[in-house]
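Residue numbers start from 1 in every chain, and the chains themselves are labelled A, B, ... in the order their sequence lines are given, proteins ahead of strands.
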Amino acid sequence: MKYAVPRGTKDILPDDTPLWQFIEDTCRETFGLFNYREIRTPIFEATDVFTRSIGYTTDIVKKEMYTFPDRKGRSLTLRPEATASVVRAGLENNLITPDNLLKVYYLGPMFRYERPQAGRQRQFHQAGVEAFGSADPALDAEMIQLSVKLFERLGLKELEVDINSVGCKKCQPAYREALKKYFESNLANLCGDCRQRFELNPLRILDCKEAHCRKYIEQAPAMVDHLDAECKAHFSQVVGWLDHLLVKYKINDRLVRGLDYYTRTAFEIVSKQLGAQNAVCGGGRYDDLVEEMGGKSVPAIGFAAGLERVVEILKAESRQSKIENRIGLFIATIGDEARQVGFHLLTKAREKGISADIDFQGKSLKAQMKAADRLGARYVYIIGDDELKNKSAVLKNMGTAEQKEVSFGELLSVFVK
RNA sequence: GCGGCCAUGGUGUAGUGGUAACACAGCAGAUUGUGGAUCUGUUAUUACGGGUUCAAUUCCCGUUGGCCGCCCCA
């Protein structure tokens with residue numbers, strides 16, 4: 001094989017596209033129900049758009065971005081996620097202002113240079129929403145409800161919603177100190193990675209899966225206990241709204257997200273049906289990002305769902321219900337003249353909205369029938385020399401094998417009714 | 001970036017140090033103008049490069065890729 005897809009990318013083939021289309025349609029519909037409107041931003045941006053928003057110390061920025069100079073030497077980057085792009089677009093087009101509530105959604109490919117693994121690719125697809133202009137806890141709850149509804153409509157089961165609050169600029173530093181103080185004495189017992197995290201971002205220690213680290217993590221102080229009054233009130237109202245909306249959730253005070261811009265509410269939906277990469281969706285509030293990117297102070301919240309992971313689950317559940325791509329009519333012909341007439345009828349059928357096809361490989365009638373069968377054609381119209389004289393031919397129902405004589409003129413009316 | 005496992009026709013799988021087996025799919029045919037059943041025939045330089053050997057698909061090394069885990073995240 002001379003050419004192959006680049007590592008970590010995949011072709012989505014015709015057998016799978018119906019499933020993808022179902023997922024995409026369901027996303028659009030569900031987001032629409034919650035009054036989100038679609039936004040489409042470029043697939044690459046000036047590198048700064050991502051480095052400044054996602055954070056210089058995150059893995060994404062440090063080692064996972066596809067960054068390249070264009071012909072004029074500008075540094076561009078394939079988007080590793082879409083929130084930064086949406087903020088940039090919203091600011092540039094004056095859609096994000098303190099007084100305007102903006103609800104947008106997006107759908108599309110993202111790029112991260114990582115080692116491929118189950119549920120992890122270098123090009124992958126996300127569907128996400130962002131809401132700007134409100135710090136209302138009800139909005140946080142609505143967004144979590146939206147993500148749950150989305151997966152419900154997609155038909156996913158066995159999901160768990162985890163939520164936490166990571167505090168804000170004011171109270172998070174104190175919590176970091178508290179964590180450092182706690183881990184300091186046990187530093188020698190932690191794994192090498194955690195010792196690094198201790199310096200760079202102690203919050204991430206909470207995420208460590210090493211068994212011997214977990215012993216210490218369990219006893220570590222929780223962010224929830226270190227929130228300032230406002231963050232605490234916000235979090236309890238989010239939880240209150242979730243209860244009111246009957247959304248099931250689990251407070252997970254060890255939940256930490258990997259992007260630097262999150263504040264207050266952080267949430268994740270994980271599936272028990274996936275491997276190590278088990279999050280189907282993650283998101284949270286980012287009240288400082290808009291200002292950091294040059295806008296006024298505008299609170300915001302969003303989440304993104306990983307579509308490959310949804311596909312993986314739906315395939316495993318084989319719940320895709322074989323969304324078949326059948327055609328309505330196949331026109332089988334014998335001889336050149338019949339083919340010309342057949343092609344004419346084919347055109348008319350298509351004009352009437354009937355999906356239809358004809359042979360292009362010079363096949364025998366038998367082989368044409370076989371081809372029609374494989375295409376799942378509901379009907380085959382068989383035209384030969386005799387039929388040309390009578391302007392009438394046999395229409396065969398491929399399901400029942402019934403045949404009846406139908407004139408050229410009547411053919412389409414049979415389908416219309 | 002690190003570790004483990006793996007790499008045979010379109011697909012899924014056998015197998016052996018001496019030039020590849022099976023299933024399914026595909027194509028062609030089994031009386032002349034008709035599909036889905038059956039039968040027959042047909043479809044592979046055994047990922048790439050190098051090494052050991054009289055001889056490698058089978059052994060060794062490297063490369064590339066895949067899967068799984070770490071990391072990280074969706």
Return yes if the base of [N] and the side-chain atoms of [X] contain a donor-acceptor N/O pair under 3.5 Å, otherwise no.
| X | N | answer |
| --- | --- | --- |
| A:Glu387 | B:G33 | yes |
| A:Gln117 | B:C73 | no |
| A:Gln403 | B:U34 | yes |
| A:Asp373 | B:G36 | no |
| A:Arg112 | B:C73 | no |

Watson-Crick/G-U partner (both atom distances under 3.5 Å) of [N]:
| N | answer |
| --- | --- |
| B:C5 | B:G66 |
| B:A21 | B:U13 |
| B:U53 | none |
| B:U45 | none |
| B:U34 | none |
| B:C39 | B:G29 |

Spacing of [X] atom [atom1] relative to [N] atom [atom2], expressed in whole Å:
| X | N | atom1 | atom2 | value |
| --- | --- | --- | --- | --- |
| A:Asp260 | B:C72 | CG | C1' | 14 Å |
| A:Ile269 | B:C73 | CD1 | P | 18 Å |
| A:Ile334 | B:G35 | CD1 | P | 12 Å |
| A:Leu255 | B:C73 | CG | C1' | 12 Å |
| A:Asp59 | B:C71 | CG | P | 11 Å |
| A:Arg120 | B:C72 | CZ | C1' | 6 Å |
| A:Ile54 | B:C73 | CD1 | P | 11 Å |
| A:Leu365 | B:G33 | CG | P | 8 Å |

Pairwise [atom1] distance, [M] and [N] [rounded to whole Å]:
| N | M | atom1 | value |
| --- | --- | --- | --- |
| B:C59 | B:G41 | C1' | 38 Å |
| B:A56 | B:C48 | P | 15 Å |
| B:U64 | B:A28 | C1' | 38 Å |
| B:G62 | B:C5 | P | 13 Å |
| B:A30 | B:U16 | P | 41 Å |
| B:A44 | B:A14 | C1' | 14 Å |
| B:U45 | B:G10 | P | 8 Å |
| B:G3 | B:C61 | P | 15 Å |

Under 4.0 Å, counting only non-hydrogen atoms across every strand here, what does [X] touch: a base, just sugar-phosphate, or nothing?
| X | value |
| --- | --- |
| A:Arg309 | base |
| A:Lys396 | base |
| A:Ala118 | sugar-phosphate |
| A:Ala371 | nothing |
| A:Gln361 | nothing |
| A:Gly376 | nothing |
| A:Lys62 | nothing |
| A:Gly128 | nothing |

Using a strict cut-off of less than 4.0 Å between a Lys/Arg side-chain nitrogen and an Asp/Glu carboxylate oxygen, indicate whether [X] and [Y] qualify as a salt bridge.
| X | Y | value |
| --- | --- | --- |
| A:Glu114 | A:Arg7 | no |
| A:Lys63 | A:Asp59 | yes |
| A:Arg52 | A:Glu292 | no |

task: Using the side chain to side chain contact (heavy atoms under 4.5 Å, CB included) rule, pick out the option among A:Arg285, A:His234, A:Glu142 that qualifies with A:Pro137.
output: A:His234
- request: Scan side-chain atoms only and decide if A:Ser407 and A:Ser392 contain a donor-acceptor pair under the 3.5 Å cut-off.
  value: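 A:Ser407 vs A:Ser392: no donor-acceptor pair found between side chains.
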- prompt: In terms of the angle between their ring planes, are A:Phe267 and A:Phe303 parallel, tilted or perpendicular, with boundaries placed at 30° and 60°?
  reply: perpendicular
Candidates [options] - which lies nearest the side chain of [X]:
| X | options | answer |
| --- | --- | --- |
| A:Arg374 | B:C71, B:C27, B:G66 | B:C27 |
| A:Arg115 | B:G65, B:G36, B:G1 | B:G1 |
| A:Arg7 | B:C71, B:A74, B:G66 | B:G66 |
| A:Val394 | B:U34, B:A28, B:G69 | B:U34 |

Nearest heavy-atom neighbours spanning A:Leu154 and A:Leu314: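 Shortest heavy-atom contact: O-CD2, 3.4 Å.
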query: Hey, is the main chain of A:Asn252 close enough, under 3.5 Å, to the side chain of A:Asp162 for a donor-acceptor pair?
result: no
field: Pairwise 5' ranking along RNA chain B for A:Lys10 and A:Glu114, keeping only the more 5' one
entry: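 The residue whose closest nucleotide sits nearer the 5' end is A:Lys10.
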query: When the nearest nucleotide of RNA chain B is assigned to A:Gly119 and to A:Val5 on a heavy-atom basis, which residue is associated with the more 5' position?
result: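 By nearest-heavy-atom nucleotide position, the 5'-most residue is A:Val5.
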message: Taking the six-membered ring for Trp, are A:Tyr113 and A:Tyr66 closer than 6.0 Å centroid to centroid?
response: yes
- prompt: Phosphate oxygens OP1/OP2 of B:U32: is one of them under 4.0 Å from a side-chain N or O of A:Lys366?
  reply: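 No, because none of the side-chain N or O atoms of A:Lys366 sits under 4.0 Å from OP1 or OP2 of B:U32.
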